[in-house]
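Each chain gets a letter, A, B and so on, in the order the sequences are listed, and its residues count up from 1.
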Protein chains: 2
Amino acid sequence: MAKHAGSVFSVDVTGLETGRGQPAYARICERIRSAIVSGALAPSARLPSSRVLAQDLGVARNTVDWALGQLVADGYIVRRRGAGSFVAASLPERDTRPLAPRRTSPDAAAESERQLPSRLSRRAIALQSYPGHYQSASAIPFTPSLPPIDLFPRAVWNRLLQREATQAGTAYWAYGASNGLPALREAIAAHASAMRATRCSPEQVIVVTSTQQAVELAGKVLADPGDRAWAETPGYQPVQHCLRAAGLQVVPVPVDEHGLDVAEGRRLAPDARLAYVTPAHQYPMGYEMSMERRRALLDWTRQHDAYVIEDDYDGDYRYEGRPIASLQGMDAGGRVIYVGSFNKILFPALRIAYAIVPEPLVAAFVDAKHVADGHTALLMQGVLAAFIHEGHLARHLRKTRTIYDERRLDFLEQARALADVLDFGPATAGMHVAALFKPGLALDDRAVAAECARAGVVVHPLSKYGASERGGLVFGFAGASRAATRCGLEIVAKAIAEMGAKGDGSGA
Amino acid sequence: MAKHAGSVFSVDVTGLETGRGQPAYARICERIRSAIVSGALAPSARLPSSRVLAQDLGVARNTVDWALGQLVADGYIVRRRGAGSFVAASLPERDTRPLAPRRTSPDAAAESERQLPSRLSRRAIALQSYPGHYQSASAIPFTPSLPPIDLFPRAVWNRLLQREATQAGTAYWAYGASNGLPALREAIAAHASAMRATRCSPEQVIVVTSTQQAVELAGKVLADPGDRAWAETPGYQPVQHCLRAAGLQVVPVPVDEHGLDVAEGRRLAPDARLAYVTPAHQYPMGYEMSMERRRALLDWTRQHDAYVIEDDYDGDYRYEGRPIASLQGMDAGGRVIYVGSFNKILFPALRIAYAIVPEPLVAAFVDAKHVADGHTALLMQGVLAAFIHEGHLARHLRKTRTIYDERRLDFLEQARALADVLDFGPATAGMHVAALFKPGLALDDRAVAAECARAGVVVHPLSKYGASERGGLVFGFAGASRAATRCGLEIVAKAIAEMGAKGDGSGA
């Protein structure tokens with residue numbers, strides 16, 4: 001790589017050597033990114049054409065195009081039609097943090113070490129351990145829970161968008177109701193009832209921007225600062241941050257293959273006000289919550305006047321076995337706040353999700369949503385309502401269910417090559433699968449994930465989701481083609497082998 | 001009116017007599033609304049044509065059209081092209097609250113008396129006193145701070161919307177940076193620097209959904225639950241709820257004609273972490289914060305390691321006197337979080353606002369925004385960036401500044417007729433003016449406002465904004481034509497006269 005130093009960028013690339021199996025596009029990506037972040041490439045500067053860059057760097061033009069595409073998606077570069085590529089005038093957020101000494105460890109955990117002003121609140125400091133801000137837009141294997149955007153019917157969406165935007169009247173321009181557009185609430189109630197066996201009327205649906213907002217609203221409405229909430233461990237950390245943002249104390253409760261250990265929750269914090277669970281497909285382990293545990297959980301809520309947040313983040317995708325109904329649908333006591341999101345099944349930039357709340361809580365949730373941000377933007381609500389009403393959601397789910405299932409089977413077949421190092425968990429639903437390192441391997445999963453990241457492959461270390469003695473990796477299979485899966489799994493296998501051989505697997 | 005009972009609606013209108021000067025359209029509006037809310041008109045039922053309705057009710061067809069338009073805007077009725085008008089399948093939020101005995105008092109304060117489930121959090125109960133959820137979309141005089149949507153260049157906006165939506169790439173479809181699109185942050189930094197003399201780089205701009213979200217983020221980042229925050233009194237109540245939602249204790253600090261009384265704030269709560277102020281144009285009184293008070297406020301922040309939230313909600317509109325720079329621009333200590341909103345200057349359904357934060361706080365604000373809802377929806381950020389970059393924001397501000405100014409002068413001229421009952425405050429900026437009842441009148445401003453509302457005119461009672469011995473009314477002048485202003489002021493004058501004559505002005 002050093003031979004390219006002094007190329008068009010005139011950038012000192014010393015220290016950027018991250019080689020070892022890293023694909024050429026990833027190296028180029030990182031070099032240009034570094035040049036931008038360091039200021040060597042000035043904001044708004046015009047880049048050479050990909051043809052010139054390819055010549056200069058001695059790689060194929062396709063490789064350069066791939067790298068530039070990634071940098072555009074990540075916000076470092078903007079393309080102006082007919083004018084070429086330019087350095088963005090301002091950098092993506094992750095590079096605009098207060099400049100800290102260049103980290104030598106690529107571990108995301110090092111994020112929390114950056115320097116801080118002294119007067120942040122305690123909770124602001126707690127919120128800083130939130131995992132990665134920014135997910136790549138491109139279909140890099142194996143980012144979990146990222147819908148492949150190329151499968152989304154953009155033309156259909158844009159046609160509806162134009163139709164709704166040009167409608168007469170002020171419905172999409174004036175203030176809206178805080179609980180959401182009536183047409184969208186109806187569509188959501190019908191969809192959730194039909195697909196997830198929820199029992200609800202449109203009046204129980206609150207339109208929000210994201211699962212995170214729904215969870216924070218639940219935290220605010222149902223608990224006061226200092227109250228406790230159960231959270232699955234291992235579990236989805238961002239949600240725990242939402243509960244902390246609402247001032248709650250998060251109590252980690254272990255999960256096993258039957259889902260959340262309710263008895264352990266009762267022992268640890270019988271007086272908790274809330275429990276956060278993913279009963280259909282535990283995140284990240286993939287377990288289904290057993291009927292017995294579901295009953296035990298609902299019993300606890302009734303006995304202790306507590307509530308459950310059911311995050312049904314990928315409940316629309318199930319490939320094997322009988323359908324798993326929502327917990328909300330089996331709750332007769334009005335104890336479940338069901339949360340679903342369109343950001344994970346349509347496209348992330350949409351920012352529309354919803355909560356289905358028990359009737360007596362509707363007014364309080366609407367109040368809390370109103371105080372939080374008034375209401376969710378209206379036009380996109382109208383477009384989404386039309387998208388559902390006119391059958392496009394059902395069609396998109398059918399199509400993606402088939403494709404994800406094919407990718408899942410591909411993945412499982414190819415993953416057999418890693419059977420001597422990884423124990424794969426259930427993979428009958430959703431968009432990801434978790435795998436534990438074989439006992440005795442003593443690998444640091446964050447180090448393995450970092451090694452994979454250097455080679456352009458995203459796997460999440462299981463330890464990122466909370467306590468785990470063995471460590472392991474989470475693979476998103478829905479976004480990766482057969483070829484990408486093969487290439488990605490090879491890189492993972494190599495990383496595991498290298499980290500194991502180096503024997504540096506047991507420390508950070 | 002009783003002669004219309006038993007008309008097409010077959011609805012018992014007993015008890016709906018709210019006559020006394022109420023315009024015909026408002027009566028019809030209320031009758032249809034009541035029929036819908038009571039269930040007499042079933043959800044999704046088709047309404048007779050406006051021609052038939054006009055005949056049936058014995059009014060002009062225009063009057064019926066106006067009433068139906070209002071009901072569409074409010075969400076009670078939907079229109080399907082070519083098919084006619086239908087009752088909405090589900091009701092607007094304000095009518096879907098748990099059914100309480102029909103309130104006899106129209107006072108919004110009675111809202112807080114509705115029945116509640118027992119297990120709401122204390123803060124959820126506090127959040128319920130949040131003033132009205134739902135602002136009418138139509139240009140009823142004198143709704144404060146509601147931009148007249150008919151002045152907005154929708155065709156331009158929709159053209160940009162279509163252009164941006166059909167752009168190649170995943171920039172508007174994938175996850176985005178939590179601080180906002182770089183192009184929008186640049187545009188905002190340039191706009192705020194040029195128009196409001198803020199001193200900031202694009203990196204200090206955080207794109208959010210609303211002023212409310214910005215304030216809650218500031219509350220979370222800069223204070224822990226139980227910490228105290230100063231809030232102007234009288235002042236903008238919704239923001240106080242945002243601070244409460246963040247777990248803060250709100251300390252009301254009086255304002256006078258020089259703005260927030262900093263000395264009194266120091267006496268009441270010297271250890272507060274935050275102060276919320278509207279220095280350019282105090283809401284609702286219209287005062288400008290004096291230079292002396294500004295300095296005193298910044299001194300306090302430095303001495304007590306506290307921060308200021310500067311809500312510059314209508315800083316783009318100033319008609320007389322020298323321009324008033326932002327407090328942020330005169331702060332050398334990094335103590336001001338400046339908040340601006342496009343929902344109030346473009347259109348409310350947009351849901352894009354921003355905070356400009358001191359550099360050392362940027363990372364913590366981005367973390368808090370990320371935990372709150374990931375990021376604000378991307379496509380509209382792109383459209384807004386283009387709208388600003390291509391000069392449309394500046395053009396729209398020039399146009400509306402001229403029109404609002406004309407309306408302001410009209411209003412002030414016509415308001416002279418009320419000079420014997422109302423003392424009008426400063427009206428040199430913004431979109432509203434506050435007026436105190438003349439000393440000795442002993443009128444209940446909420447009763448006067450309710451009486452005006454019955455006649456279809458919106459004025460906010462000053463007591464709604466916090467303590468005020470005298471009471472008074474807040475008038476939005478930006479949304480009312482000359483004719484609407486005249487008619488509206490006549491209704492207000494009549495309401496004041498009647499409430500005064502009845503002598504029921506001193507009690508609720």
Side-chain angles (χ1 to χ4, degrees), chain A residues 73 75 88-90 92-93 96-97 117 119-122 124 127-128 130 133-135 137 149 158 161-162 165-166 170 172-175 177-179 182 186 202-203 209-210 212-213 221-225 241-242 245 247 305 347-349 351 360 363-364 366-368 370-371 373-374 377-378, chain B residues 73 88-90 92-93 96-97 117 119-124 127-128 130 133 135 137 149 158 161-162 165-166 170 172-179 182 186 202-203 209-210 212-213 221-225 241-242 245 247 305 347-349 351 360 363-364 366-368 370-371 373-374 377-378:
Chain A
S90 58
E93 175 278 327
T96 60
R97 292 158 180 273
R119 260 307 296 150
L120 290 184
S121 66
R122 287 185 298 279
L127 295 187
Q128 286 173 329
Y130 192 91
H133 270 270
Y134 201 76
Q135 278 190 288
I149 292 150
N158 283 340
L161 175 65
Q162 207 201 336
T166 52
T170 55
Y172 296 139
W173 303 83
Y175 281 108
S178 295
N179 55 347
E186 281 167 48
E203 284 66 39
T209 55
S210 54
Q212 290 158 247
Q213 186 176 57
V221 167
L222 300 170
D224 281 303
H241 281 76
C242 298
D305 202 7
F347 58 95
R351 314 320 292 156
V366 175
D367 285 330
H370 189 51
V371 172
D373 61 6
L378 295 183
Chain B
S90 58
E93 177 281 323
T96 60
R97 292 160 179 273
R119 262 306 297 149
L120 291 183
S121 66
R122 290 185 296 279
R123 69 177 144 187
L127 296 186
Q128 286 173 328
Y130 193 92
H133 272 269
Q135 276 192 290
I149 291 150
N158 284 339
L161 175 65
Q162 208 201 335
T166 52
T170 56
Y172 297 140
W173 303 84
Y175 282 107
S178 295
N179 56 345
E186 281 167 47
E203 284 66 40
T209 55
S210 54
Q212 290 158 249
Q213 186 176 58
V221 167
L222 301 170
D224 281 302
H241 281 77
C242 299
D305 201 7
F347 58 96
R351 314 320 292 154
V366 175
D367 284 329
H370 189 52
V371 172
D373 60 6
L378 296 183

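Heavy atoms closer than 4.5 Å to chain A are found in the side chain of B:Gln162, but not in its backbone. In this structure, the portion of A:Ala223 lying under 4.5 Å from any heavy atom of chain B is its backbone and not its side chain. Heavy atoms of B:Asp373 lying under 4.5 Å from chain A belong to its backbone as well as its side chain. Of the atoms belonging to A:Ser121, heavy atoms from both backbone and side chain fall under 4.5 Å from chain B.
A pairwise comparison of heavy atoms in A:Val371 and B:Cys242 identifies O-SG, 3.4 Å as the closest pair. The nearest pair of heavy atoms linking B:Ala174 to A:Pro348 is C-CB, 3.8 Å. What you find for A:Pro225 and B:Pro225 is that their closest heavy atoms are CB-CB, 3.6 Å.
Interface remark: of the candidates B:Glu186, B:Gln213, B:Arg123, B:Arg122, B:Arg123 forms the most heavy-atom pairs closer than 4.5 Å to chain A. Counting heavy-atom pairs under 4.5 Å between each of A:Pro202, A:Ala245, A:Gly247 and chain B puts A:Ala245 at the top.
Counting only distance, with no hydrogens or angles, the side chain of B:Gln212 and the backbone of A:His370 share a donor-acceptor pair below 3.5 Å. Between the B:Asp367 side chain and the A:Ala124 main chain, no donor and acceptor come within less than 3.5 Å of each other.
A distance of 14.0 Å separates CD1 of B:Ile149 from OH of A:Tyr172, quoted to the nearest 0.5 Å.
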